[in-house]
Amino acid sequence: MGASAFEAVIGLEIHAQLQTETKIFCGCPTSFGAPPNTHVCPVCLGLPGALPVLNRRAVDLAVAAALALGCDVQPRSVFARKNYFYPDLPKGYQISQYEQPLALGGGVDVEAGGQTTFVRLTRIHMEEDAGKSLHEGFADSDRRTYVDYNRAGVPLIEIVSEPDLRSAGEAAAFFEKLRQILLWLGVNDGNMEEGSLRCDANVSIRPVGQAALGTKAEVKNVNSFRYLQKALEYEITRQIDVVEHGGRVVQETRLFDSAQGRTFSMRSKEEAHDYRYFPDPDLPPVAVDEARRAAIAATLPELPEARRQRFVAAYGLPAYDADLLTQTRGIADYFEAAAAASGHAKAASNWVMGEVLRRMKDTGVDISRIPVTPEALGGLIRLAEEGAISSSVAKGVFETMCETGQEAAAIVDAGGLRQISDDSSLEPVVASVLEAHAAVVAEVRAGKDKKLQFLVGQVMKATAGKADPTRVTDLVRRLIG
Ligand code: ADP
Ligand code: ZN
Ligand code: MG
């Protein structure tokens, strides 16, 4: 059988850190990068007698994510103990939700390969993070492993998808889409390097046309879009290869090695943990009544998809622009403020997609740190749209605004950069250009109209780009006669 006789079936499990100041069951800070074991207390270290108290803010953020993803938030959910032994888990169990999660259902539209698919979510539940084992970086790392509990007890949501994804590219697009929404909500910071957003991928193959699911492998450690795609591509090919050679895919957990671009077996089904889940007797059920649900729903911002559609409908922007401008909420806000300040939506869109995004990329800063406010950009756009400055001058003024923080009008006035469009100022310049290029003038007279652009270019050069090119073209024609 050829490779095309099989299709891939993929479901993702995504862990996202909730952006709270403090941990889920204690008051320790969640900030990243502190010296090891400085953000710890008896609760998150699991010392005897210490009792957890649920962080209300964590629940609010989890509910916001669930509502934005179209899930049914459950009026009552229950924390359970997931028991297993590992050094990074000080209590010997992780507090998670199991039989009664915070939210059920929901889903998102995913665009990949020119096709839109609705990917259903199974559930969203809350849980605490474990600590972090440090295998490298110490003088005795060949003999010892250290453990940092700063991350233990950091609040997470786990988002579980249905096995609705059919390709590596679609899975990566789904992960990106979730990241965009979580960032947009301010629920998660999207930082995959620091581990605040992580993904496990479940994948199986089956003959095209078969309804029953094949045996899946779970691939851990795929914490970038590119690695997720690569790991899945490798794993799909591997499974097809196993089947084509008369073998059977075994249920197992595999690890992705990004250096080798391969997945490796980590543990088989037989070695799978029995977590002995049971409700945590130290924590009452989480109650989210209708009033609280409605209050959180009222705080939700307009979501990326809705905003994208509004940008097309309300500002008449091309879909391409609307897509780019709604990458992040910060960019969308910046665009709308610049559009309002300038009164020229399409020009504002061009400026944001062009100079502003380029500046962000070149300097590696977020839109919130761009030295030009959208209001100031609006001022620059007005000058350009009113014809007070030429478009080439406008780009230079933007650079100066970034460097000095000055307003556009001040830079234009101080530099004498206003566009020259009155004939009395332009005529002497045009006349001297024609005089200097008599041969070209003769060619134009002989009907070589293309040469006219050369003469216009010379006038632009002589005025340092300040001349109004339309006026100059008129004048050149008139003076040549
Ligand atoms: P487990 O019991 O191993 O935890 P679940 O049924 O809870 O498995 O599913 C975990 C994840 O694996 C979900 O994202 C789900 O969509 C996905 N999944 C389940 N079965 C398959 C399969 N046969 N192939 C691919 N993904 C699957
Ligand atoms: Zn603590
Ligand atoms: Mg499961």
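Residue numbers count from 1 along this sequence. Ligands are counted one by one from 1 in listed order, and the atoms in each one are counted from 1 as well.
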Trainee: Can a donor-acceptor pair be found, under 3.5 Å and without considering hydrogens, that links the side chain of Ser161 to the backbone of Leu12?
Mentor: yes
Trainee: Is it the side chain (CB and beyond), the backbone, both or neither of Leu12 that lies under 4.0 Å from ligand 1, heavy atoms counted?
Mentor: backbone
Trainee: Using a 4.0 Å cut-off to any heavy atom of Val160, which atoms of ligand 1 qualify?
Mentor: 13 (C), 14 (O)
Trainee: Please could you name the atoms of ligand 1 that Val9 approaches to less than 4.0 Å, counting only its heavy atoms?
Mentor: 24 (N), 25 (C)
Trainee: Below a 4.0 angstrom heavy-atom separation, can you tell me which part of Glu218, side chain or backbone, both or neither, approaches ligand 1?
Mentor: neither
Trainee: Angle subtended at the Zn ion (ligand 2) by SG of Cys28 and SG of Cys44, to 10 degrees?
Mentor: 110°
Trainee: Testing Lys220, Glu252, Glu235 for side chain to side chain donor-acceptor pair (under 3.5 Å) with Thr263, which one passes?
Mentor: Glu235
Trainee: Tyr315 vs Phe335 aromatic rings, parallel, tilted or perpendicular, using cut-offs 30° and 60°?
Mentor: perpendicular
Trainee: Would you kindly say whether Glu128 and Ser96 are connected by a side-chain donor-acceptor distance under 3.5 Å?
Mentor: no
Trainee: Tell me whether Lys216 has any N or O atom under 3.5 angstrom from an N or O of ligand 1.
Mentor: yes
Trainee: Has Arg329 got a side-chain atom pairing as donor or acceptor with Trp184's backbone, closer than 3.5 angstrom?
Mentor: yes
Trainee: Can you tell me if Gln309 and Glu305 form a side-chain donor-acceptor pair at under 3.5 Å?
Mentor: yes
Trainee: Considering only heavy atoms of Pro163, which atoms of ligand 1 have at least one such atom less than 4.0 Å away?
Mentor: 16 (O), 26 (N), 27 (C)
Trainee: Please could you name the atoms of ligand 1 that Glu162 approaches to less than 4.0 Å, counting only its heavy atoms?
Mentor: 16 (O)
Trainee: Answer yes or no as to whether an N/O/S atom of Cys26 is found below 2.8 Å from the Zn ion (ligand 2).
Mentor: yes
Trainee: List ligand 1 atoms under 4.0 Å from Leu213, heavy atoms only on the residue side.
Mentor: 23 (N)
Trainee: Which of the numbered atoms in ligand 1 are under 4.0 angstrom from any heavy atom belonging to Gly214?
Mentor: 23 (N)
Trainee: Ring centres of Tyr84 and Tyr93 under 6.0 Å apart?
Mentor: no
